[in-house]
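Working notes for the structure below.
Hydrogens, waters and symmetry mates play no part in the numbers below; they use all other heavy atoms, side chains included. Sequence lines set the chain letters: A, B, ... in the order given, protein chains first and strands last, and positions in each chain run from 1.
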Amino acid sequence: MAKAPIITPQAEDFPRWYQDVLNKAELADNGPVRGTMVIRPYAYAIWERMVAEVDRRIKEAGAENAYFPLFIPESYLQREAEHVEGFSPELAVVTHGGGKDLEEPVVVRPTSETVIGEYMSKWIQSYRDLPLLLNQWANVVRWELRPRLFLRTSEFLWQEGHCAHASQHDAAVYAERILRDVYEDFMVNELAIPVFTGRKIPQERFAGALNTLTCEAMMRDGKALQMGTSHELGQNFARAFDIGYQDENGGRQLCWTTSWGVSTRMMGGLIMSHGDDRGLAVPPRIAATQVVVILVKDDDQGSAGDAARRIGAELTEAGIRVRVDDQASTPFGRRATDWELKGVPVRVEVGPRDLADGQVVLVRRDSGEKTPVDIAALSVTAANMLVTIQDAMLDAATQRRDSATVDVMTVAEAADAAATGYARIPFDRLGESGIEELGRTAVTVRCLQTADGGLPSTDDAPGTVALVARSY
RNA sequence: CGGGACGUGGCGCAGCCUGGUAGCGCACCUGCUUUGGGAGCAGGGGGUCGGGAGUUCAAAUCUCCCCGUCCCGACCA
């Protein structure tokens with residue numbers, strides 16, 4: 001029996017589709033204060049997987065976790081001119097505490113360069129203390145004018161790395177290392193989201209940075225999403241917070257600092273990169289539930305239910321993240337669509353009919369393909385299928401992106417291409433006037449690349465290519 | 001913050017123009033029958049209509065102010 005669509009089709013109204021997925025897959029709700037977000041358990045479990053995988057890579061890159069306070073003296077922000085200017089409009093400021101006015105207002109951190117800079121200054125004395133590689137997992141607050149769940153909320157969860165280096169070269173190398181070995185590697189290999197990596201133009205840089213490197217993904221509506229950034233802060237913060245050291249020759253030097261972050265925005269990216277008209281689709285490696293064992297219907301003795309639970313235990317034993325849905329009182333079709341909505345990569349259907357043949361049915365969320373499998377071979381087949389799905393999802397996402405990325409030579413062509421995806425245009429063909437012209441239709445330069453897709457070392461290196469698109 | 005749309009049980013909506021204190025679908029609860037792709041029947045519970053002020057004998061319906069949500073724009077992880 002054909003039913004009305006469960007969620008608004010993407011082609012009909014993409015923003016509404018996004019809202020529907022958020023609601024129906026039980027991912028998030030608006031908080032009571034404007035712009036705030038409640039992350040529901042199913043989404044939070046995925047976030048925890050993201051945290052685990054990013055954290056592992058951060059530690060491999062040599063950084064250590066620490067924690068700095070939520071409250072920052074307002075005066076700290078003011079020490080770096082561009083930084084204050086950039087963040088002032090979106091600060092939450094506490095002026096009252098303990099029943100009286102505070103002598104100095106404190107801001108709720110919008111990012112922690114300033115406090116961490118203050119402590120780096122205390123902790124670094126010698127070149128032997130460098131590099132100092134710190135990271136913290138925290139919540140930050142930026143009073144956003146136009147919030148959207150996961151993509152831009154007034155409070156969000158993230159990881160912020162803050163490092164001090166002895167030289168500009170060391171800082172640049174590390175900023176790029178984080179971009180590649182932590183962010184790009186994580187996004188491509190865990191989230192199955194291909195990203196363009198590149199350099200931000202001055203207008204798009206982090207407030208107070210010399211250079212901002214970015215990972216830009218493409219959502220299924222053709223709009224770009226900035227998934228993560230890595231900044232070279234030069235000596236701006238080192239100067240403002242007196243982060244310095246004594247070198248081998250006894251000379252006094254200023255440090256070169258970097259900062260880098262990814263946030264719960266990645267959840268939004270995950271949803272909009274892989275989701276389809278049946279709901280969310282989570283790549284197996286990041287899925288909190290990789291396989292759902294669903295009891296189609298039980299028999300009189302309850303032996304099918306027992307079999308389903310036993311199969312669940314076997315899959316768990318094999319190292320797969322499993323949930324068993326044996327709520328046989330709810331009709332099968334209902335539960336099947338619910339798990340598809342939540343995007344669980346593989347569904348194992350267990351019912352009396354299959355069991356009689358010693359089989360179960362595996363169903364892929366990405367392709368919908370159904371495969372009968374002998375129970376004896378289930379663990380191995382399921383594990384292989386998860387690998388196959390991971391690869392297939394990355395391939396599909398890469399194909400979608402590449403087919404919506406066009407090389408052009410004029411601003412008019414770029415505007416045209418950006419209506420549905422990315423346009424690549426030689427940067428000198430774009431120029432300031434081109435940037436402004438595209439800006440009128442909300443098309444912006446997402447990043448700059450060298451001709452072969454590498455990272456340009458300056459803003460105006462010859463042969464630089466600009467990737468332009470509409471963005472979130 | 002500027003422009004637009006909207007706010008009625010958990011969700012989606014009707015009612016508002018032509019004031020007379022609330023209705024539908026889904027969801028939820030109970031029972032029975034069902035269960036291999038969003039089950040059926042029967043019986044139930046839940047809202048005072050985003051908030052406030054006003055007009056009126058009477059306001060979900062009219063007026064004003066405020067708040068919130070969504071879309072577009074400027075800003076951004």
Side-chain angles (χ1 to χ4, degrees), chain A residues 1-8 13-16 18-20 22-24 26 29-36 85-90 110-111 138-161 183 200 203-207 212 214-217 225-231 259-269 278-279 294-299 304-305 326-341 347 349-356 359-361 363 368 370 372 439-444 470-472:
Chain A
M1 186 179 359
K3 289 270 181 176
I6 297 159
I7 53 177
T8 307
D13 185 344
F14 197 84
R16 179 127 193 199
Y18 183 72
Q19 286 294 128
D20 285 351
L22 256 25
N23 290 329
K24 297 284 178 63
E26 301 179 331
D29 262 338
N30 284 308
V33 173
R34 181 189 160 74
T36 60
E85 197 188 331
F87 281 104
S88 292
E90 47 191 75
T111 177
N139 57 337
V140 288
V141 169
R142 300 178 187 179
W143 217 258
E144 295 293 348
L145 298 175
R146 193 181 159 194
R148 284 196 103 195
L149 290 178
F150 288 121
L151 301 175
R152 197 184 310 101
T153 46
S154 291
E155 178 193 8
F156 57 94
L157 307 182
W158 76 344
Q159 143 293 299
E160 49 178 325
Y183 295 161
K200 284 291 187 187
Q203 300 90 301
E204 302 266 338
R205 267 182 212 141
F206 177 77
T212 289
T214 180
C215 294
E216 300 282 330
L225 181 71
Q226 180 174 308
M227 298 270 288
T229 45
S230 182
H231 316 286
S259 72
W260 30 278
V262 292
S263 72
T264 36
R265 171 179 280 185
M266 291 192 296
M267 274 298 304
R278 290 193 296 176
I294 174 166
L295 173 62
V296 177
K297 62 180 282 192
D298 215 340
D299 42 31
D326 57 1
Q327 302 298 302
S329 59
T330 301
F332 168 76
R334 173 53 184 276
R335 292 178 290 141
T337 46
D338 278 352
W339 288 112
E340 278 171 2
L341 215 35
R347 181 169 78 239
E349 298 180 354
V350 181
R353 198 192 292 163
D354 307 294
L355 289 171
Q359 292 191 325
V360 292
V361 176
V363 186
K370 299 190 178 189
R440 283 197 282 274
T441 51
V443 175
T444 50
R470 294 167 302 142
S471 75
Y472 280 97

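B:rG15 and B:rC49 have their C1' atoms separated by 10 Å, given to the nearest Å. For B:rG68 and B:rG50, the C1' atoms lie 7 Å apart once the distance is rounded to whole Å. Distance check on atom P: B:rA60 versus B:rC70 gives 28 Å, rounded to whole Å. Using atom P as the reference point in both B:rG10 and B:rC57, the two lie 35 Å apart (nearest Å). Comparing B:rU61 with B:rC75, their P atoms sit 40 Å apart, to the nearest whole Å. Taking the C1' atoms as reference points, B:rG31 lies 28 Å from B:rG12, given to the whole Å. Separation of the C1' atoms belonging to B:rC41 and B:rG36 is 23 Å when rounded to the nearest angstrom. Annotation: B:rU21 and B:rA27 have their C1' atoms spaced 27 Å apart (nearest Å).
Among the protein residues, A:Arg347 comes within range of the nucleic acid bases, having at least one heavy atom under 4.0 Å from a base atom. Residue A:Asp338 is classed as a base contact, given a heavy-atom separation below 4.0 Å to a base. Heavy atoms of A:Glu349 sit under 4.0 angstrom from at least one base atom. Using a 4.0 Å heavy-atom distance criterion, A:Gly35 is classed as a sugar-phosphate-only contact. Within the nucleic acid shown, A:Gly439 comes within 4.0 Å of sugar-phosphate atoms alone, with no base atom in reach, counting heavy atoms only. Residue A:Thr153 is in base contact, counting any heavy-atom pair closer than 4.0 Å across all strands shown. Contact annotation for A:Thr264: no contact, since no heavy-atom pair falls under 4.0 Å across all strands. A:Pro15 comes within 4.0 angstrom of the backbone, heavy atoms only, and of no base. If you check every strand for non-hydrogen atoms under 4.0 Å, A:Glu26 touches nothing. Nucleic acid contact class of A:Pro352 (heavy atoms, under 4.0 Å, all strands): base. A:Gln226 comes within contact range of the sugar-phosphate backbone alone, with a heavy-atom separation under 4.0 Å but no base atom that close.
Distance from the side chain of A:Ser263 is smallest for B:rA77 among the nucleotides B:rA39, B:rA77, B:rG36. The side chain of A:Arg334 approaches B:rA27 more closely than any other nucleotide in the set B:rA27, B:rU35, B:rG37. Taking every side-chain heavy atom of A:Thr229 into account, B:rA77 is the closest of B:rA27, B:rG73, B:rA77. The side chain of A:Leu145 lies closest to B:rC1 when the candidates are B:rC1, B:rG36, B:rA27. Taking the side chain of A:Glu90 as heavy atoms from C-beta on, and the options B:rC76, B:rC70, B:rA27, the nearest nucleotide is B:rC76.
Evaluation of atom-type donor-acceptor distances gives a pair under 3.5 Å for the side chain of A:Lys370 against the base of B:rG37. The base of B:rC76 is not paired with the side chain of A:Arg142 by any donor and acceptor separated by under 3.5 Å.
Taking the centre and axis of the six-membered ring of A:Trp158, the NZ or CZ atom of A:Arg142 falls inside the cone set by 45° and 6.0 Å.
Across all strands shown, B:rG19 forms no Watson-Crick or G-U wobble pair with both key distances under 3.5 Å. The pairing partner recorded for B:rA42 is B:rU30, the criterion being a Watson-Crick or G-U wobble arrangement whose two distances lie under 3.5 angstrom. Searching all strands for a Watson-Crick or G-U wobble partner of B:rU56 with both distances below 3.5 Å returns nothing. Pairing partner, B:rC11: B:rG25, with both Watson-Crick or wobble hydrogen-bond distances short of 3.5 Å. Figure legend. B:rG2 is base-paired to B:rC72; pairs are counted as Watson-Crick or G-U wobble with both atom distances under 3.5 Å. Taking a pair to require two hydrogen-bonding distances under 3.5 Å in either a Watson-Crick or a G-U wobble arrangement, B:rG37 remains unpaired. When Watson-Crick and G-U wobble pairs are counted only if both distances are under 3.5 Å, B:rU61 pairs with no nucleotide at all.
The phosphate of B:rC1 (OP1 or OP2) has no side-chain N or O of A:Arg146 nearer than 4.0 angstrom. Side-chain N/O atoms of A:Arg148 include none lying less than 4.0 angstrom from OP1 or OP2 on B:rU69.
Remark: the A:Ser329 side chain and the A:Gln327 side chain contain no N/O donor-acceptor pair separated by less than 3.5 Å. No side-chain donor from either of A:Ser259 and A:His231 sits under 3.5 Å from a side-chain acceptor of the other. A:Asp20 and A:Thr8 form a side-chain donor-acceptor contact under 3.5 Å, judged by distance and modelled atom types alone.
Rounded to an integer number of Å, the gap from A:Arg470 CZ to B:rC71 P is 14 Å. Summarising the geometry, the separation between OH on A:Tyr472 and P on B:rA74 is reported as 15 Å, rounded to the nearest angstrom.
Across the interface with RNA chain B, nearest-nucleotide mapping of A:Gly351 and A:Arg34 shows A:Gly351 to be the residue nearer the 5′ end. Both A:Asp354 and A:Asn23 sit near RNA chain B, but only A:Asn23 has its closest nucleotide nearer the 5' end.
Using a distance-only test at 3.5 Å, with no hydrogens or angles considered, a donor-acceptor pair links the side chain of A:Gln159 to the main chain of A:Trp260.
Aromatic pair A:Phe206/A:Phe87: centroids less than 6.0 angstrom apart.
Using a 4.0 Å cut-off between a side-chain N of Lys or Arg and a carboxylate O of Asp or Glu, A:Glu340 and A:Lys24 do not qualify as a salt bridge.
Two residues are said to be in side-chain contact when any heavy atoms from C-beta on lie closer than 4.5 Å; A:Thr111 and A:Glu160 meet this criterion.
For A:Phe156 and B:rA77, the ring-to-base geometry satisfies the stacking test (centroid distance below 5.5 Å, interplanar angle below 30°).
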